[in-house]
Amino acid sequence: MLASGCGGGSDSGTTAQAGGPEKTDIIVGMLPLPEVAPIQIGIDKGFFKAEGLNVKIETIQGGGAAMSDLLSEKLSVLHSNYVSALLAASSGTAKLKIVGEAYAAKPANFMLMVKKGSTITKVSDLKGKKVGVNTLNNIATLSVSALLKTNGLTPEDVQFLERPFPDLPGALDAGQVDAAFLPEPFYQVAASKNGAVVLSDMFTGPTADFPIAGYLTTEKFSQENPKTVAAFQRALTKAIELAISNSAEVDTALTKYTKIDKATADLMQLGGYSTSVNGTRLQRVADLMLEFGYIKEKFEVAPLIIGEKAS
């Protein structure tokens with residue numbers, strides 16, 4: 001599903017203006033989640049256009065699943081959870097660069113939900129149960145694994161099942177899964193429409209303020225189009241600053257690229273937008289991936305970050 005942004009690019013996708021971006025037409029693949037509201041804000045406010053960029057949005061199911069589209073250059077930039085990104089980078093599957101941060105988790109952003117009337121009343125009750133996530137081996141499965149560990153279980157004690165986020169509330173209500181990892185606004189949908197209840201906030205204790213997702217491009221794209229990447233980063237920073245200072249702008253943006261109505265948007269607890277990628281904080285993701293066997297050896301994230309801040 002492709003949504004048009006504000007323009008300024010030529011048919012060739014390049015610019016004739018001296019010193020301008022090498023490539024002007026940019027397609028951003030992203031999930032319809034609150035964390036990417038700054039992209040819509042940047043389009044609506046003309047921040048990308050002012051930098052000579054014509055940004056369009058393509059809706060994806062998950063960062064890992066859309067990685068092939070980034071590598072084939074169908075997408076210029078990919079919004080991805082960091083686990084999928086670091087899996088691809090550490091394995092050598094993809095040479096990636098992180099050009100911006102989307103979100104860090106805050107309380108009430110991501111919930112583990114169970115069906116109304118479920119006999120599962122505490123996390124330790126999940127042994128032998130099915131847990132729904134949007135994709136496997138991503139931030140959802142890693143964070144659930146960490147939660148299970150703090151409650152005396154292991155990831156092997158549950159079965160993870162894939163469903164797109166919009167389908168998970170229904171899958172939970174139908175009994176296809178026993179619990180579901182749901183971000184905003186999907187856990188509110190599950191609660192309001194089906195009476196689902198919160199089993200646990202996902203990011204507390206050892207995963208508090210956990211980096212969730214960022215914006216990726218390929219090393220090749222960043223090397224061939226450094227001015228384009230810099231222009232994208234400048235526009236994104238302006239949009240993020242506006243999202244941080246004015247939540248009403250986020251609410252308005254959400255109604256354009258998601259199916260969230262304004263009433264729901266007004267009730268949402270927004271997470272942590274950031275104008276830069278914090279290398280020290282992001283290293284926590286790689287280290288937790290190592291702990292749970294997602295990667296086999298320690299992986300340093302700093303070389304992936306364009307414009308890295310170490311603290």
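Numbering starts at 1 and runs along the sequence shown.
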Enquirer: State, with a plain yes or no, whether a side-chain heavy atom of Val77 is found less than 4.5 Å away from one of Leu75.
Expert: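 No; the side chains remain at least 4.5 Å from each other.
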Enquirer: Is the shortest distance from a Lys or Arg side-chain nitrogen in Glu101 or Arg281 to a carboxylate oxygen in the other one below 4.0 Å?
Expert: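 A salt bridge is present here (some side-chain N lies under 4.0 Å from a carboxylate O).
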Enquirer: Are side-chain heavy atoms of Phe160 and Val144 found at a separation under 4.5 Å?
Expert: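 They are in contact (side-chain heavy atoms under 4.5 Å apart), so the answer is yes.
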Enquirer: Apply side-chain contact (heavy atoms from CB on, under 4.5 Å) to the pair Ile43 and Phe48, showing each step before the final yes or no.
Expert: CA-CA 6 Å; Ile43 291 171; Phe48 291 114; 4.0 Å; yes
Enquirer: Are Phe181 and Met202 close enough, and set up right, to give a side-chain contact (heavy atoms from CB on, under 4.5 Å), and what steps lead you there?
Expert: CA-CA 8 Å; Phe181 172 96; Met202 283 307 310; 3.7 Å; yes
Enquirer: Roughly how far apart are Asp69 CG and Ser76 OG, rounded to 0.5 Å?
Expert: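 Here the interatomic distance stands at 11.5 Å.
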Enquirer: If only atom types and distance count, is the side chain of His79 paired as donor or acceptor with the main-chain N or O of Leu31 below 3.5 Å?
Expert: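 Checking the backbone N and O of Leu31 against the side chain of His79, a donor-acceptor pair under 3.5 Å is found.
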Enquirer: When you check the gap from the basic side-chain N to the acidic O, do Lys23 and Glu224 get nearer than 4.0 Å?
Expert: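 Between Glu224 and Lys23 there is no salt bridge, as every charged N stays at least 4.0 Å from the carboxylate O atoms.
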Enquirer: Applying the 4.5 Å side-chain criterion to the ILVMFWY set and letting contacts propagate, would Val189 and Leu112 be lumped into a single cluster?
Expert: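 Different clusters: Val189 never reaches Leu112 through Ile, Leu, Val, Met, Phe, Trp or Tyr contacts under 4.5 Å.
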Enquirer: Do side-chain atoms of Asp157 reach the backbone of Thr154 as a donor and acceptor pair under 3.5 angstrom?
Expert: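 Judged by distance alone, yes, a pair lies under 3.5 Å.
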Enquirer: With heavy-atom distances below 4.5 Å as the criterion, would you say the side chains of Ile98 and Tyr82 are in contact?
Expert: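 Yes, at least one pair of side-chain atoms sits under 4.5 Å.
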Enquirer: Is Asp201 reaching over with its side chain to a backbone N or O of Ala108, donor-acceptor style, under 3.5 angstrom?
Expert: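 Looks like yes, one N/O pair under 3.5 Å.
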Enquirer: Is there side-chain contact between Val198 and Met113, with at least one heavy-atom pair below 4.5 Å?
Expert: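 A side-chain contact exists here, since the closest heavy-atom pair is under 4.5 Å.
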Enquirer: Measure across Tyr257 and Ala37 and return the closest heavy-atom pair with its distance rounded to 0.1 Å.
Expert: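 Smallest heavy-atom distance, with atoms named: OH-N, 3.0 Å.
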Enquirer: In terms of hydrophobic clustering (I, L, V, M, F, W, Y; side-chain heavy atoms under 4.5 Å; direct or indirect links), are Val177 and Val158 co-clustered?
Expert: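 Per the 4.5 Å side-chain linkage, Val177 and Val158 are co-clustered.
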Enquirer: Is the backbone of Ser276 close enough, under 3.5 Å, to the side chain of Ser274 for a donor and an acceptor to pair up by distance?
Expert: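 The answer is yes, because a donor-acceptor pair under 3.5 Å joins these two groups.
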Enquirer: Any chance you could measure Thr217, atom OG1, to Lys97, atom NZ, to the nearest 0.5 Å?
Expert: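 Rounded to the nearest 0.5 Å, the OG1-NZ separation comes out at 11.0 Å.
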Enquirer: Please tell me if the side chains of Phe210 and Ile139 come closer than 4.5 Å, counting only heavy atoms from C-beta onward.
Expert: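 Yes, side chains in contact.
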Enquirer: Do you know the tightest heavy-atom contact between Ala243 and Val250?
Expert: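 Looking at all heavy atoms of both residues, the closest pair is CB-CG2, 3.7 Å.
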Enquirer: Is Asp44 salt-bridged to Lys256, cutoff N-O under 4.0 Å?
Expert: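 Result for this pair is yes, salt bridge flagged.
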Enquirer: Nearest 0.5 Å please: distance from the CG atom of Leu254 over to the CE atom of Met268.
Expert: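 Here the rounded value is 5.5 Å.
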Enquirer: Is it true that Lys122 and Asp125 have a side-chain N and a carboxylate O under 4.0 angstrom from each other?
Expert: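 Looking at Lys122 and Asp125, the cut-off is met.
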Enquirer: How about Lys116 and Asn194: do any of their side-chain heavy atoms sit closer than 4.5 Å?
Expert: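 A side-chain contact is absent here, since even the closest heavy-atom pair is not under 4.5 Å.
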Enquirer: Determine the minimum heavy-atom distance between Tyr273 and Ala102, stating which atoms define it.
Expert: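 Looks like CD2-O, 3.5 Å.
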Enquirer: Check whether more than 12 heavy atoms from other residues, nucleotides or ligands sit under 6.0 Å from atom NZ of Lys149, and answer yes or no.
Expert: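 Counting neighbours around NZ of Lys149, 12 or fewer heavy atoms of other residues, nucleotides or ligands fall under 6.0 Å, so no.
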Enquirer: To the nearest 0.5 Å, what is the distance between OH on Tyr103 and CD1 on Ile212?
Expert: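 If I round to the nearest 0.5 Å, the distance is 9.5 Å.
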Enquirer: Would you kindly say whether Ser247 and Asp251 are connected by a side-chain donor-acceptor distance under 3.5 Å?
Expert: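 Short answer, no.
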Enquirer: Any chance you could lay out the side-chain contact (heavy atoms from CB on, under 4.5 Å) test for Leu126 and Leu199, step after step, and finish with the verdict?
Expert: CA-CA 10 Å; Leu126 287 172; Leu199 182 65; 4.0 Å; yes
Enquirer: Enter the distance from Leu282:CG to Leu86:CG here, rounded to the nearest 0.5 Å.
Expert: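 Those atoms lie 5.5 Å apart.
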Enquirer: Using the side-chain contact (heavy atoms from CB on, under 4.5 Å) rule, take Leu288 and Thr207 through it: C-alpha gap first, then chi angles, then the decisive distance, then the call.
Expert: CA-CA 9 Å; Leu288 196 64; Thr207 55; 4.2 Å; yes
Enquirer: Do you know the tightest heavy-atom contact between Leu33 and Pro183?
Expert: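 Smallest heavy-atom distance, with atoms named: CD2-CG, 3.8 Å.
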Enquirer: Taking only Lys NZ, Arg NE, NH1 and NH2, and the carboxylate oxygens of Asp or Glu, determine whether Arg234 and Glu51 approach each other closer than 4.0 Å.
Expert: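 Counted as a salt bridge, because a side-chain N and a carboxylate O are separated by less than 4.0 Å.
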Enquirer: Going from CE on Met67 to CG on Leu96, what distance comes out if it is rounded to the nearest 0.5 angstrom?
Expert: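 Met67 CE to Leu96 CG: 5.0 Å, rounded to 0.5 Å.
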Enquirer: Is it the case that the side chain of Glu58 and the backbone of Met30 share a donor-acceptor pair, with hydrogens and angles ignored and the cut-off at 3.5 Å?
Expert: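 No; zero donor-acceptor contacts below 3.5 Å.
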Enquirer: So do the side chains of Asn54 and Ile26 get within less than 4.5 Å of each other, counting heavy atoms only?
Expert: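 With C-beta onward as the side chain, the pair stays apart.
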Enquirer: Has the side chain of Tyr294 got a donor or acceptor atom that lies under 3.5 Å from a matching backbone atom of Leu142?
Expert: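 Here the side-chain-to-backbone pair exists.
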Enquirer: Which atom names give the shortest non-hydrogen contact between Phe110 and Glu35, and what distance separates them?
Expert: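 Heavy-atom minimum between the residues: CZ-OE1, 4.1 Å.
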Enquirer: Main chain of Ser84, side chain of Asn81: is a donor-acceptor contact present, judged purely on distance under 3.5 Å?
Expert: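 Checked: pair present.
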Enquirer: Taking all non-hydrogen atoms of both residues, which atom of Lys106 and which atom of Asp209 are closest, and how far apart?
Expert: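 Lys106 and Asp209 have their closest heavy atoms at NZ-OD1, 2.8 Å.
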Enquirer: Between Thr135 and Glu162, do the side chains contain an N or O donor and an N or O acceptor separated by less than 3.5 Å?
Expert: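 No donor-acceptor contact under 3.5 Å links the two side chains.
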Enquirer: Donor-acceptor pair, Asn151 side chain versus Leu147 backbone, under 3.5 Å?
Expert: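 Yes: the side chain of Asn151 pairs with the backbone of Leu147.
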Enquirer: Between Thr258 and Pro32 (side chain of the first, backbone of the second, donor and acceptor by atom type, cut-off under 3.5 Å), is there such a pair?
Expert: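 Not at all, since once roles are kept as given, no pair shorter than 3.5 Å links the two residues.
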Enquirer: Measure the shortest side-chain to side-chain distance between Gln176 and Leu161 over non-hydrogen atoms and say whether it is less than 4.5 angstrom.
Expert: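 Contact flag for Gln176/Leu161 side chains = no.
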Enquirer: Report yes or no: does Ser118 contribute a side-chain atom to a donor-acceptor pair with the main-chain N or O of Val114 at less than 3.5 Å?
Expert: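 Judged by distance alone, no pair lies under 3.5 Å.
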